[in-house]
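What follows is a single structure, written as structure tokens, with notes after it.
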Amino acid sequence: MPRYNPKEVEPKWRAAWEQADVFRAENGGGKPKYYVLEMFPYPSGRLHVGHARNYTMGDVVARFKRARGFNVLHPMGWDAFGLPAENAAAERGVDPSEWTHANIDAMRGELKRLGLSIDWSRELATCDPGYYGKQQAWFLKLWKKGLVYRKEGLVNWDPVDMTVLANEQVIDGRGWRSDAPVERRKLNQWFLRITDYADELLDWLQKLDRWPDKVKLMQENWIGKSKGLRLDFRFADPSFAGEAVAGFENGVSVYTTRPDTLYGASFVALAPDHPLTEALAASDPKVAAFVEECRKGGTSEAAIETAEKLGFDTGLRVTHPFDPDWQLPVWVANFILMDYGTGAIFGCPAHDQRDLDFARKYGLPVKPVVLPPDADPATFEVGTEAYVGPGRIYNSGFLDGLEVEAAKAAAIGRIEAQGQGEGATVYRLRDWGIARQRGWGCPIPLVHCETCGLVAVPESELPVALPQGMDFSRPGNALARHPTWKHTTCPGCGGPAERETDTLDTFVDSAWYFARYTDAQAAEPIDKAAADYWLPVDQYVGGIEHAVLHLLYARFVTKALRDEGLVSADEPFAGLFTQGMVTHETYRRQNGEWVDPSAVEIAAEGASRRARLKDTGEPLTIGDIEKMSKSKRNVVAPADMADTYGVDAARLCVLSDSPPERDVQWTAAGVEGAWRLVNRVWAEFDDPPAGDSAWDAQELRRATHKAVKAVTDAIEGWRFNSAIARLHEFVRVVSAARAPAGDAASAEARREALSALARLVAPFAPHLAEECWARLGEAGLVAASAWPAYDPALAQDDERVLPVQINGKRRGEIRVGAGASEGEVEKIVLDDPEIARRLEGLSIRRVIVVKDRIVNIVAA
RNA sequence: GCCCCAGUGGCGAAAUGGUAGACGCGGCAGACUCAAAAUCUGUUGGCCGCAAGGCCGUGUUGGUUCGAGUCCGACCUGGGGCACCA
């Protein structure tokens with residue numbers, strides 16, 4: 001029997017799919033639609049097994065849904081702007097566009113080789129003017145609506161990539177790509193008003209019932225809604241306020257979530273970059289010097305953790321809102337953030353740890369006003385730990401005796417009645433900084449004119465395309481230093497003007513591509529009818545690392561575009577699956593250079609393992625297990641596996657063993673098992689030698705229907721590892737039922753089994769399935785065939801083996817018909833001689849029968 | 001510090017509160033082979049026992065239940081998110 005030969009079989013079927021155009025999705029038709037999408041890749045040039053796993057998962061679903069009668073959209077494209085192209089240009093002098101497109105060609109070839117059921121007619125690349133020009137078009141709509149604005153402010157500056165980063169792109173104080181400590185810089189920066197949508201982004205999370213709770217929770221925390229009180233502390237000396245702090249006639253506005261603790265107030269504190277601080281600093285060099293000192297502190301995690309609380313008493317005094325005779329000092333403090341709340345707080349040291357640290361350092365009063373349950377008001381004191389738990393308010397005038405929540409409401413009510421503030425909602429979410437000082441990105445389609453100011457480029461002149469011949473040999477923005485590109489005329493007055501040279505964050509590119517797929521050639525950015533047909537994406541697949549980046553931005557952009565009438569969908573992704581990462585050990589030479597796993601030889605030495613370079617035997621350091629990345633060189637290519645065992649074995653391998661959501665440490669061990677499965681399946685179709693054992697046609701039919709049910713359920717539940725396990729079991733049953741018994745029933749049962757097997761295998765190993773299908777003599781392609789149905793009656797046994805427990809310990813088993821009633825089962829159990837023997841000397845208290853499951857006898 | 005999630009054989013892992021370890025990898029034994037590889041068959045949680053069988057066993061510990069890997073409490077370990085957010 002010749003073995004299955006994937007090298008011949010696989011290309012043949014890929015050609016057949018292409019010729020039949022089976023994966024093209026129509027924008028309409030009678031079938032229900034199903035849009036399945038995996039996060040599009042950055043075209044690095046090489047596919048790694050992480051990609052293969054991700055795209056195979058989506059493909060299993062796409063093929064399954066197609067077989068279940070859905071009109072499936074499963075497109076692919078390229079997240080093609082970004083720094084690696086600039087780096088390649090800097091290092092090798094290549095054009096970033098050419099470099100990117102060469103990578104796209106290489107990766108497209110690798111993806112096609114995986115046998116993915118993709119509608120390639122909708123392919124797009126974000127770096128093509130045909131795509132980013134449409135992006136500029138909708139960007140201008142948002143600009144005109146006021147959702148885009150420009151503001152000078154402190155921004156996150158990545159000194160290595162030499163660009164601004166959004167808050168979401170700063171991880172532990174470091175750039176998400178460069179890993180360099182981020183600096184704070186004051187720059188003119190572009191923002192999208194994502195905060196306008198904070199409430200909707202939060203509220204709709206509850207409706208995303210097919211999203212992982214974890215991702216929803218992360219977004220909820222990121223949005224960080226808090227409810228409290230905004231309140232004005234009036235100046236105790238209005239004349240002082242009048243001269244030095246014009247514009248602060250109402251005093252100092254603070255935000256608090258603990259208005260119940262107002263009677264515990266000890267000071268008011270301003271952020272170092274608060275406007276009032278700046279006004280004071282202008283006339284008082286001591287304030288200016290203090291502000292300068294605060295600036296020096298880094299923003300890195302370590303710097304913040306070790307940072308000491310620093311404060312400066314401005315000499316200003318404010319009056320307590322509930323007691324005109326009570327004055328509080330106004331400090332400037334380094335731990336107050338300008339971009340949260342109002343940039344100013346009132347400090348209640350007894351019930352806030354930071355305020356307590358500050359108060360202890362500067363000798364400010366600490367007055368407890370929340371009495372913990374069971375504490376004695378006469379003796380309760382706050383030492384070095386603030387009390388933040390529940391309790392009853394005391395030392396607090398009209399709030400005395402109230403519980404915390406009631407006191408909050410009462411305090412807010414009083415402040416509102418006094419006209420000194422109001423209940424307020426504050427978000428942690430900040431507006432999205434979208435401009436990058438990079439040449440390889442989507443140009444912002446605005447023009448700076450001396451007379452007209454900022455002017456939008458007319459839609460008829462879009463796309464504002466990148467120029468040829470940018471110089472990437474030096475660091476910085478290659479677009480800005482292009483000799484001619486930025487010089488233009490003002491669309492408003494016709495005078496000389498300069499183009500904006502910042503480009504858009506690549507997360508803008510990826511925030512709407514799923515909508516563009518619905519009609520990738522549309523003249524409008526989004527064809528409304530096509531988008532309304534397909535959106536939302538029914539099943540989105542991608543890494544958890546985008547929980548608050550891409551997934552939040554895409555939700556926001558969808559809502560913003562909806563409000564512009566471009567789409568009707570409220571949310572982009574109805575279902576989300578976050579697949580696990582594929583990780584691998586890292587290896588380093590003595591000189592620190594990373595080494596590719598394919599060049600490494602591992603030897604076990606006792607309990608430990610040792611790595612050497614295959615060629616020279618040079619000992620290597622085994623590093624951490626990390627996500628596959630080019631920089632660490634711990635990348636394994638699926639092509640290596642596919643070369644030896646074929647694509648189908650590779651596909652099975654990446655889905656076997658581990659559940660899809662879990663991270664996996666890569667080992668090639670599983671591929672042998674996958675390869676065996678491929679051959680075992682094939683052996684059943686390729687004129688198998690007759691078996692010699694007798695088998696029962698009805699048993700085979702049962703096994704078939706059980707397998708169909710089990711595989712169907714497993715795919716629907718995203719338990720691909722279990723689905724493959726069921727395939728293993730089913731193949732074994734089929735192979736034990738080979739001998740054609742001669743009777744029609746057996747022949748039919750075997751044929752039914754093989755027909756089901758080919759179709760059950762198809763989502764996982766599509767080439768193999770086609771070959772089997774053809775060998776069965778079926779017309780057409782499995783890829784275009786219906787999913788096998790099962791008969792629920794046949795998918796279960798008509799006889800059950802029930803374990804019998806005595807006092808919870810398994811003591812025997814009985815055979816009963818399926819669905820046997822409690823009474824019947826009880827009788828059979830008690831008549832069983834073995835059970836009776838076990839029960840000798842015991843009296844039966846209770847017999848619990850769980851239908852078709854188990855019997856438990858409670859006896860003593 | 002706060003908030004999540006996870007701990008099951010040598011390994012990857014299964015298991016609507018109902019026979020723990022399906023399936024795969026690896027190991028062991030056997031078949032085929034001059035031999036090896038590949039393939040196939042059997043076996044494989046631990047302890048006791050010739051066997052029949054028994055006892056123990058899902059991070060630790062307590063609880064709920066006829067019955068707990070699964071539910072609840074506390075703890076330990078690992079992973080992730082947030083973090084001077086008032």
Side-chain angles (χ1 to χ4, degrees), chain A residues 1 3 171-173 212-222 224-226 228-229 254-259 261 269 271 297 299 301 303-305 307-309 333-337 339-348 351-355 357-358 388 426-430 544-545 547-548 652-653 656-659 661-677 679-680 683 710 714 719 721-730 732 735 801-813 845-859:
Chain A
M1 177 182 58
R3 303 181 77 191
I171 315 290
D172 290 344
D213 290 339
K214 184 187 168 80
V215 174
K216 290 193 278 189
L217 190 66
M218 281 166 70
Q219 291 209 356
E220 192 181 315
N221 290 339
W222 189 263
K225 183 176 185 169
S226 88
L229 170 69
V254 305
Y255 172 74
T256 179
T257 55
R258 294 298 302 273
T261 64
T299 54
E301 187 185 19
I304 287 170
E305 257 179 21
E308 235 191 278
K309 302 262 179 298
N334 66 341
F335 65 97
I336 312 301
L337 305 174
D339 50 3
Y340 184 78
T342 61
I345 62 150
F346 84 83
C348 176
H351 305 293
D352 182 284
Q353 191 60 44
R354 288 155 307 169
D355 297 349
D357 295 344
F358 189 78
V388 295
V426 159
Y427 299 90
R428 210 191 72 101
L429 183 70
R430 314 281 205 270
I544 186 93
E545 67 273 21
V548 288
L652 285 165
C653 175
S656 297
D657 294 353
S658 284
E661 68 277 11
R662 202 167 300 179
D663 288 352
V664 288
Q665 195 194 338
W666 182 252
T667 66
V671 73
E672 295 277 350
W675 174 234
R676 265 171 227 151
L677 177 61
N679 279 291
R680 279 175 188 161
R719 296 184 305 272
N721 52 330
S722 295
I724 292 168
R726 301 288 85 78
L727 290 175
H728 275 281
E729 286 174 337
F730 185 40
R732 191 153 46 180
S735 74
V801 176
L802 303 191
V804 179
Q805 296 181 332
I806 296 172
N807 293 329
K809 285 189 192 285
R810 191 177 181 280
R811 285 295 182 250
E813 60 187 37
R845 298 266 168 84
R846 223 177 128 184
V847 179
I848 293 137
V849 177
V850 183
K851 203 173 181 182
D852 290 344
R853 281 288 186 182
I854 199 166
V855 182
N856 191 14
I857 301 167
V858 186

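In what follows, chains are A, B, ... by sequence order, proteins preceding strands, each numbered from 1.
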Euclidean distance, atom CG of residue A/Asn334 to atom C1' of B/C85 [Å, nearest integer]: 15 Å
Syn/anti state of B/G9 by chi, 90° boundary around 0: syn
Taking every non-hydrogen atom, the tightest pair across A/Ala547 and A/Gln219: O-NE2, 2.8 Å
Span that lies between the P atom of B/G7 and that of B/U44, in whole angstrom: 26 Å
Nearest-angstrom distance from the residue atom NZ of A/Lys309 to P of B/A83: 16 Å
Span that lies between the C1' atom of B/G46 and that of B/U41, in whole angstrom: 26 Å
B/G49 pairs with, by Watson-Crick or G-U criteria that keep both distances under 3.5 Å: none
P spacing across the pair B/G78 / B/C85, given as an integer number of angstrom: 26 Å
Which residues share a ring pair (Phe, Tyr, Trp, His ring centres under 6.0 Å) with A/Phe730, sequence neighbours left out: none
Any side-chain heavy-atom pair of A/Thr261 and A/Asp352 under 4.5 Å: no
Length of the CD-P vector between A/Gln219 and B/C82, whole Å: 12 Å
Nucleotide of B/A83, B/C85, B/A86 approaching A/Arg430 most closely (side-chain heavy atoms): B/C85
Beyond-backbone contact of A/Ile854 with A/Gln805, side-chain heavy atoms, under 4.5 angstrom: yes
Sugar-phosphate, base or nothing in reach of A/Ser226, heavy atoms under 4.0 Å: sugar-phosphate
Nucleotide paired to B/G57 in any strand shown, Watson-Crick or G-U, under 3.5 Å: none
Assigned partner base of B/A22, Watson-Crick or wobble definition, under 3.5 Å: none
Minimum-distance pair of heavy atoms, taken over all atoms of A/Phe346 and A/Arg258: CZ-O, 3.9 Å
Inter-nucleotide C1' distance (B/G69, B/G18), Å rounded: 13 Å
Carboxylate-amine/guanidinium proximity below 4.0 Å for A/Arg732 and A/Glu729: no
Complement of B/C40, any strand, by Watson-Crick or G-U distances under 3.5 angstrom: B/G30
Rounded interatomic separation in angstrom, taking CG from A/Asn221 and P from B/C5: 12 Å
Assigned partner base of B/G67, Watson-Crick or wobble definition, under 3.5 Å: none
Sugar-phosphate only, base, or nothing, as touched by A/Lys809 at under 4.0 Å among non-hydrogen atoms: sugar-phosphate
P-based separation of B/A13 from B/G1 [nearest Å]: 30 Å
Phosphate OP1/OP2 of B/A86 contacted by A/Arg354 side-chain N/O (<4.0 Å): no
Integer angstrom distance from the C1' of B/C47 to that of B/U39: 36 Å
Length of the line joining A/Asp213:CG and B/C3:P, which is rounded to integer Å: 17 Å
Heavy-atom pair of closest approach, residues A/Ile336 and A/Gly343: CG2-O, 3.4 Å
Spacing between A/Ile806 atom CD1 and B/C55 atom P, to the nearest angstrom: 11 Å
Integer angstrom distance from the C1' of B/U8 to that of B/C56: 15 Å
A/Glu220 CD to B/C3 C1', straight-line distance once rounded to whole Å: 10 Å
Under 4.0 Å protein heavy-atom contacts per nucleotide of nucleotides 14-27 of chain B, with B for base, S for backbone only and - for none: SSB-BB--BSSSS-
Side-chain N,O (A/Tyr340) to OP1/OP2 (B/A86) below 4.0 Å: yes
Any-strand Watson-Crick or G-U partner of B/G1, both distances under 3.5 Å: B/C82
P-based separation of B/G10 from B/G63 [nearest Å]: 29 Å
Base paired to B/G7 (Watson-Crick or G-U; both N/O distances under 3.5 angstrom): B/C76
Nucleotide B/C4, atom P - distance to NZ of A/Lys214 in whole Å: 12 Å
Heavy-atom closest contact (A/Pro259 atom, A/Leu229 atom, distance): CB-CD2, 3.8 Å
Most 5' of A/Asp339 and A/Arg811 on RNA chain B, judged by nearest nucleotide: A/Arg811
Contact summary for A/Ile544 and A/Val215, nearest pair of heavy atoms: CD1-CG2, 3.6 Å
